[in-house]
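The structure displayed is predicted, hence computed values, not measured ones. Just the heavy atoms: all of them, side chains too, but no hydrogens, waters or symmetry mates, feed the values below. Letters A, B, ... are given to chains in the order of the sequence lines, protein chains preceding strands, and every chain is numbered from 1.
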There are 2 protein chains.
Amino acid sequence: MARYGKEHKQATRRRIIEMAGSRLKRDGIDGSGVATLMADAGLTNGAFYAHFDSKEDLVASTVADQLREQRERYSGQSLEEIVRGYLSIQHRDDTEGGCPSAALLDEIARSSDSVKRAYTDGQVAIIDDAAARLAPDDPQSARAQTIGVFALMVGTLQVSRALADRRLADDVLEQGIQNALALLGAEQRVSPSSCLK
Amino acid sequence: MARYGKEHKQATRRRIIEMAGSRLKRDGIDGSGVATLMADAGLTNGAFYAHFDSKEDLVASTVADQLREQRERYSGQSLEEIVRGYLSIQHRDDTEGGCPSAALLDEIARSSDSVKRAYTDGQVAIIDDAAARLAPDDPQSARAQTIGVFALMVGTLQVSRALADRRLADDVLEQGIQNALALLGAEQRVSPSSCLK
DNA sequence: CCTGTAATATTACGACCATCAGCCAATTAG
DNA sequence: CTAATTGGCTGATGGTCGTAATATTACAGG
């Protein structure tokens with residue numbers, strides 16, 4: 001048995017998922033058809049259902065893969081490097097190569113539970129990694145803080161991408177960096193910002 | 001002439017746009033068909049093109065209308081009220097009645113220039129309103145600060161909506177409130193006046 | 001030369017955006 | 001008091017594209 005090397009189908013599946021990552025982030029979930037996704041991988045639509053149960057199945061797998069890749073990329077970077085890279089002009093102008101959350105988050109929110117579950121698991125892993133580096137002694141608090149900063153970055157990137165005014169869009173990124181670093185720095189100090197309750 | 005009063009067509013157009021606001025936020029732009037949007041307004045698909053040049057035209061008009069409505073709603077609220085309302089569980093669980101940015105931002109980013117322009121204009125108006133209340137003496141700095149906090153809120157709401165874990169999603173909202181108020185408070189501290197409000 | 005796998009090609013069927021001929025009620029003209 | 005006109009709408013229709021399923025072909029290795 002195993003006329004084709006056992007890794008052949010696996011490799012094809014991986015290729016589909018990786019290509020789908022770029023395509024989905026570029027054109028959106030509803031904006032990407034199965035035939036196009038398969039063509040990106042050099043295949044035709046008919047082969048799709050030998051690899052995935054449904055489009056939704058592919059989306060969930062792709063979201064998981066994208067977050068896994070993002071997690072690996074961040075593992076070698078400091079938090080400040082992550083922030084500055086994330087809120088860079090290059091990242092804003094590279095939707096298809098960038099953060100899956102920024103590209104797909106409100107479509108994921110509208111998706112089925114399986115997609116949301118894949119998103120949740122992948123995102124929590126990223127957050128936990130970052131939180132461990134921020135404050136290894138207080139993981140609970142660091143986790144909340146980290147996810148808050150991450151949400152800030154996602155929203156900032158999305159706003160910057162949606163604005164038609166380039167100058168304003170750049171300013172938004174800059175402000176986002178300031179805010180993210182301020183929140184990370186504030187966490188390391190013990191003093192709460194006294195002004196409001 | 002005019003079997004209908006002069007304001008009849010205008011009223012129909014408004015009804016379409018208002019209904020489209022809910023539908024687009026609920027199902028997304030790509031997820032909402034023209035026939036469905038018209039049915040929501042009690043009409044059939046054929047009448048659509050007497051009111052709009054294209055679906056894109058409706059989307060741009062709807063985005064503008066949604067932001068106008070949001071701006072009016074915020075005009076009677078303090079910044080802290082806005083933050084707490086925006087990042088409330090009720091708002092998270094009411095996508096179709098809530099913030100258009102949180103529901104549609106990454107689809108808007110993929111949309112045509114006319115849609116992005118409508119978004120930019122409407123959003124800037126909201127930001128300028130809020131900035132004027134935050135620091136009337138330094139509008140330039142307040143504007144940057146306000147848009148930064150707004151982006152934080154949008155990202156936080158989206159993340160909370162996309163998470164499959166309810167408890168975690170609630171924590172994200174709470175953390176978002178803390179962060180938003182901290183950023184507003186930090187800005188406020190520059191001026192000797194009192195805390196938020 | 002078989003056997004089973006992976007892919008292609010084709011098909012079904014519905015939804016999509018957009019167009020257009022025609023209906024219907026009310027106003028206006030003759 | 002008809003008859004023509006008009007505005008807003010319905011209903012049907014293209015033509016394309018969507019997901020999913022199926023029949024068929026190419027091919028690898030014992």
State which residue, out of B:Q70, B:Q158, B:K25, B:Q123, fulfils the side-chain hydrogen bond (donor to acceptor under 3.5 Å, both in side chains) condition with B:S101.
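Checked B:Q70, B:Q158, B:K25, B:Q123 against B:S101; only one passes side-chain hydrogen bond (donor to acceptor under 3.5 Å, both in side chains): B:Q123.
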Only one of A:R166, A:R92, A:E174 forms a side-chain hydrogen bond (donor to acceptor under 3.5 Å, both in side chains) with A:S160, so which one is it?
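The passing option is A:R92.
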Indicate yes or no: does A:D171 engage A:R167 in a salt bridge with an N to O separation below 4.0 Å.
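No salt bridge links A:D171 with A:R167.
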So that I can tick it off, tell me whether B:D106 and B:R110 are bridged by a salt bridge, with the cut-off set at under 4.0 angstrom between side-chain N and carboxylate O.
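Yes, B:R110 and B:D106 are salt-bridged.
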Check whether any side-chain N or O of B:Y49 sits under 4.0 Å from OP1 or OP2 of C:dT19, and answer yes or no.
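Checking B:Y49 against C:dT19: no side-chain N or O falls below 4.0 Å of OP1 or OP2.
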Which pair of heavy atoms, one from B:T156 and one from B:G176, lies closest together, and at what distance?
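Shortest heavy-atom separation between B:T156 and B:G176 comes out as CG2-CA, 4.0 Å.
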Given atom [atom1] of [X] and atom [atom2] of [N], what is their separation to the nearest angstrom?
| X | N | atom1 | atom2 | answer |
| --- | --- | --- | --- | --- |
| A:F52 | D:dA21 | CZ | C1' | 17 Å |
| B:K55 | C:dA15 | NZ | P | 15 Å |
| B:E7 | D:dG7 | CD | P | 15 Å |
| A:D30 | C:dC17 | CG | P | 11 Å |
| A:I16 | C:dA7 | CD1 | C1' | 11 Å |
| A:L37 | D:dA20 | CG | P | 12 Å |
| B:D53 | C:dA18 | CG | C1' | 12 Å |
| A:R13 | C:dT5 | CZ | P | 18 Å |

All N/O contacts under 3.5 Å from nucleotides 9-13 of chain D to the protein, with atom names and distances to one decimal?
| residue | atom | partner | partner atom | Å |
| --- | --- | --- | --- | --- |
| D:dC9 | OP1 | B:T12 | OG1 | 3.3 |
| D:dC9 | OP2 | B:H51 | NE2 | 2.9 |
| D:dT10 | OP2 | B:T44 | N | 2.9 |
| D:dT10 | OP2 | B:T44 | OG1 | 2.6 |
| D:dT10 | O5' | B:T44 | OG1 | 3.0 |

Which part of the nucleic acid does B:S32 contact within heavy-atom distance under 4.0 Å: base, sugar-phosphate only, or nothing?
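Sugar-phosphate only.
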Begin from the C-alpha positions of A:R68 and A:E72 and carry the test salt bridge (charged side-chain N to carboxylate O under 4.0 Å, His left out) through to its verdict.
CA-CA 6 Å; A:R68 194 159 36 233; A:E72 285 167 17; 5.6 Å; no
